[in-house]
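Comments concern the structure below.
Note that the coordinates shown come from a computational prediction; the quantities given were computed from them, not determined experimentally. The chains referred to below are lettered A, B, ... by the order of the sequence lines, with proteins before strands, and numbering in each begins at 1.
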Amino acid sequence: MREFWSRFSRNRQAVLGLVILGLVVFVASIANLIYPNDPFLYSRFPLSGPGENGFLLGSDSIGRDVAAGIAHGAKTSLLIGLIATLAAVFIGLVFGAFAGYYGGLVDDILMRVTEVFQTIPSFIFAILLVAIMKPSIESVVIAITVVSWPAVARLVRGEFLSLKNREFVQACHTLGMGDFRIMLAEILPNCLSPIIVIGSLMVATAILVESGLAFLGLGDPNVMSWGFIISDGRSMLRVAWWICTFPGIAILITVLAINLVGEGLNDALNPRLRERS
Amino acid sequence: MTNKLLKISDLDIALPEGSERNLAVEKLNIDLSPGETLCIVGESGSGKSLTARALMGLLPAPHVRVSQGKIEFCGEDLTKATEPRMRQIRGSEISMIFQEPMTALNPVMTIGVQIDEIFRFHAAMPQRARRLRAIELLEDVQLPDPKQIVAAYPHELSGGQRQRAMIAMALALEPKILIADEPTTALDVTTQAQILKLISDMQAVHKSGVLFITHDFGVVADIADRVAVMQYGRVVETGSVDKVLNKPEHPYTQALIASVPSLVPRTPRTRADQIVLSAKNVQKSFGGGKSFFGLGKPNRFVHAVKDVTLDLRHGETLGVVGESGSGKSTLARCIIRLLDTDSGKIMLDGVNICDLNRAEMRPWRAKIQMVFQDPFASLNPRIKVGQIISQGPMIQGADRKTAEARARELLEIVGLDVRAFNRYPHEFSGGQRQRIGIARALALNPEILVADEPVSALDVSIQAQILKLLDEIRERMNLSMVFITHDLRVAAQVCDRLAVMRYGEIVETGATREIFEAPQHSYTRDLLAAVPGQNWDRQATSY
């Protein structure tokens with residue numbers, strides 16, 4: 001672990017990303033303390049600029065506090081990103097592990113199914129799914145999961161394919177170990193690094209997709225999110241630039257930070273690339 | 001300056017900070033005359049390959065660099081030569097043959113184009129002349145049908161043919177020095193003999209100096225005029241081949257030479273006639289399957305094991321020898337039921353284990369265990385050594401305490417510290433890892449051990465230790481052993497009986513001594529004739 005940290009911290013950008021990400025998580029976790037009121041609560045001061053009438057980042061067309069929205073929205077975005085990614089990694093892991101380990105017909109069937117999902121452009125597919133299921137937090141999470149698991153399945157399949165013929169796995173066969181134990185205890189720990197890396201990057205993509213869906217009005221109308229604020233301020237971009245800009249910056253910084261952390265994890269966990277710098 | 005081609009004096013090569021040692025090569029002094037073959041011998045990590053790379057100016061700078069000393073090539077100090085000058089020298093004056101011809105050749109260029117490049121960079125010649133010269137070169141290295149090979153891609157040639165093509169390229173401009181970095185290590189023994197002969201023939205024609213890097217003393221005995229023995233970056237002994245091989249002075253050289261397995265077979269042990277394992281008409285083939293919906297090309301069909309019949313008697317070591325692709329590893333995996341056989345029987349204690357399904361097979365697994373070839377791939381890097389050894393008994397139903405106590409006991413038996421129990425495999429060297437692999441195989445108290453090239457990835461001194469260990473545990477645990485190897489020297493020292501395989505078939509079986517003294521099959525005779533260093537062996541035994 002210490003060795004891992006020393007390799008990770010050698011990448012300054014990754015550490016910066018981690019710090020920013022830490023800040024975002026911190027803001028999300030204290031959102032209820034600094035903005036105890038409902039972020040949907042409107043005030044008597046619509047369209048106040050940043051700093052006016054006690055609004056740090058201004059207010060929107062019906063007087064909702066943009067800063068409060070961003071703080072509460074951070075919670076939504078991170079939660080959706082995390083849950084959707086975990087679900088996608090789980091499904092991808094199951095599909096990829098079985099396809100890679102058993103090969104043959106199992107592999108053919110599972111991979112053809114995966115390809116069906118991959119052939120549909122992911123964002124349009126997500127829109128379609130949310131539109132069918134009615135916009136809500138659950139449907140957004142489901143939609144993001146459904147469009148992002150095939151990448152994990154492909155990756156895990158490749159790892160299992162190459163690892164299952166290694167001598168240490170064959171040694172387990174000669175000991176009489178069962179398939180599930182070999183998959184879980186022997187092979188899986190050896191392909192965790194690329195899964196962690198792709199997972200971290202998927203959180204960023206999930207946040208983007210969620211914001212995109214909310215922007216198109218397909219987010220949960222009862223939950224504050226960054227995409228929702230942007231979508232709300234879109235029509236007033238010329239008169240009230242702050243409504244769209246600050247949540248936009250929040251998305252940008254968060255996604256960038258996660259990507260930097262993901263890159264850093266990749267460098268630290270992937271020994272073959274370590275020589276590069 | 002006499003007519004030395006090359007004179008390396010006090011050469012130091014520095015490694016990056018934080019490496020195992022500061023200098024990869026320390027105070028190296030060697031020289032080379034025209035027409036001479038100097039062998040640099042050493043085990044892995046001795047700095048012999050880096051020395052070769054330093055000569056070519058191919059050190060992985062800036063991490064690894066020459067920190068001191070001179071490399072004088074015909075009086076010119078190469079450590080001070082400019083990059084353009086080095087480019088001139090490389091290929092035309094000093095050229096190199098690499099260990100792995102598949103990776104040393106560019107897979108997307110034909111052999112002809114790759115030879116042509118050398119002329120284009122170094123000599124002004126019209127295209128037609130270049131092509132004729134390329135064909136001539138391929139003829140010189142005795143490749144069949146050079147006109148076709150000029151147009152061939154590397155993957156279309158066999159390993160030996162690729163190495164010949166590499167030699168043709170290296171000799172294209174008649175270099176004064178040829179550096180060969182383990183050029184035959186990746187090749188089969190019969191091909192190796194041909195390549196060694198080719199190199200010495202070429203040397204006689206071109207009068208070039210050859211710097212031959214190897215770990216194999218048999219090869220040294222066959223090809224060298226002089227020998228330099230390296231250990232931890234230092235040359236510990238230099239001298240004529242006769243002096244170093246037959247009257248070594250330095251203790252390290254003595255130890256190395258003592259570890260080289262002799263070609264004189266061991267005295268066969270008295271053995272029982274009880275048969276513990278027998279394979280009858282085992283067949284195994286790969287490929288030929290169809291892809292999804294029967295679309296696409298069917299896979300290539302390989303008949304890996306053809307109608308193999310063998311018996312393993314109680315307490316003996318049966319050697320299965322053969323070159324790469326002979327099906328010996330496939331046979332081993334069939335015997336241990338890692339692969340399902342197509343047909344035939346494998347009888348263990350009166351039961352045909354080919355008929356058992358996985359659950360039925362489980363109790364039988366304990367009786368027959370395997371030691372794998374690659375000590376780096378055969379241990380799970382994420383699992384602690386103690387667990388690796390104890391998980392076998394636990395799967396077979398032992399409780400954790402007994403299994404772990406057994407694991408500790410086994411660590412001691414295979415000569416490792418008990419503290420190894422809580423460490424991860426990557427903390428151990430190749431030889432130590434192989435000991436762990438052996439301990440894992442022994443944990444189930446098997447009756448039969450199948451060892452698939454257990455020492456071929458190890459240095460010669462470690463190899464001797466592991467062979468000794470295998471011998472000890474064989475006696476101690478009353479094991480019968482199937483020993484797969486390509487190395488006839490190892491086979492001679494380990495095996496009571498031999499089965500010689502070629503193209504999936506067993507061409508000859510018999511007692512090791514009989515096969516070595518009077519081989520019946522012509523292929524066995526070829527194999528034995530190709531073992532390097534036979535003359536040296538004969539001398540050594542006459543002492």
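- Nearest heavy atom pair, residue B:Arg362 against residue A:Gly176, reads NE-O, 2.6 Å.
- Contacts from residues 420-433 of chain B to chain A, taken as heavy-atom pairs separated by less than 4.5 Å, involve no residues at all.
- Side-chain contact between B:Ile336 and A:Gln170 is absent, with no heavy-atom pair separated by less than 4.5 Å.
- The number of heavy atoms from other shown groups lying within 6.0 Å of CD (A:Gln13) does not exceed 12.
- Ranked by non-hydrogen atom pairs under 4.5 Å with chain A, the options B:Leu338, B:Val450, B:Ile368 are led by B:Leu338.
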Only distances under 3.5 Å count here; give the side-chain donor-acceptor pairs of residues 179-186 of chain A to other protein atoms, sequence neighbours excluded, each with its distance to 0.1 Å.
{"unit_1": "A:Asp179", "atom_1": "OD1", "unit_2": "A:Tyr101", "atom_2": "OH", "d": "2.9"}
{"unit_1": "A:Asp179", "atom_1": "OD1", "unit_2": "B:Arg358", "atom_2": "NH1", "d": "2.5"}
{"unit_1": "A:Asp179", "atom_1": "OD1", "unit_2": "B:Arg358", "atom_2": "NH2", "d": "3.1"}
{"unit_1": "A:Asp179", "atom_1": "OD2", "unit_2": "A:Tyr102", "atom_2": "OH", "d": "3.1"}
{"unit_1": "A:Asp179", "atom_1": "OD2", "unit_2": "B:Arg358", "atom_2": "NH1", "d": "3.0"}
{"unit_1": "A:Glu186", "atom_1": "OE1", "unit_2": "B:Asn380", "atom_2": "ND2", "d": "2.8"}
{"unit_1": "A:Glu186", "atom_1": "OE2", "unit_2": "B:Gln391", "atom_2": "NE2", "d": "3.3"}

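- Put simply, of B:Met361, B:Met394, B:Arg333, B:Met370, the one with the most heavy-atom pairs under 4.5 Å next to chain A is B:Arg333.
- Nearest approach of B:Arg365 to A:Thr174, heavy atoms of both residues: CD-O, 3.2 Å.
- Interatomic distance, A:Cys172 SG to B:Ile383 CD1, rounded to the nearest 0.5 Å: 6.5 Å.
- Residue contact with chain A, scored on non-hydrogen atoms closer than 4.5 Å, involves the backbone of B:Leu379 exclusively.
- For residues 104-130 of chain A, the pairs satisfying ring-ring contact (aromatic ring centres under 6.0 Å, His included) are A:Phe117-A:Trp149, with sequence neighbours left out.
- When heavy atoms are compared at a cutoff of 4.5 Å, B:Gln396 approaches chain A solely by way of its side chain, counted from C-beta outward.
- A:Leu175 and B:Ile395 get closest at one heavy-atom pair: O-CG2, 3.7 Å.
- In this structure B:Asp349 satisfies the side chain to side chain donor-acceptor pair (under 3.5 Å) test together with B:Lys367, sequence neighbours excluded.
- By the 4.5 Å heavy-atom criterion applied to side chains, B:Arg337 and A:His173 are not counted as neighbours.
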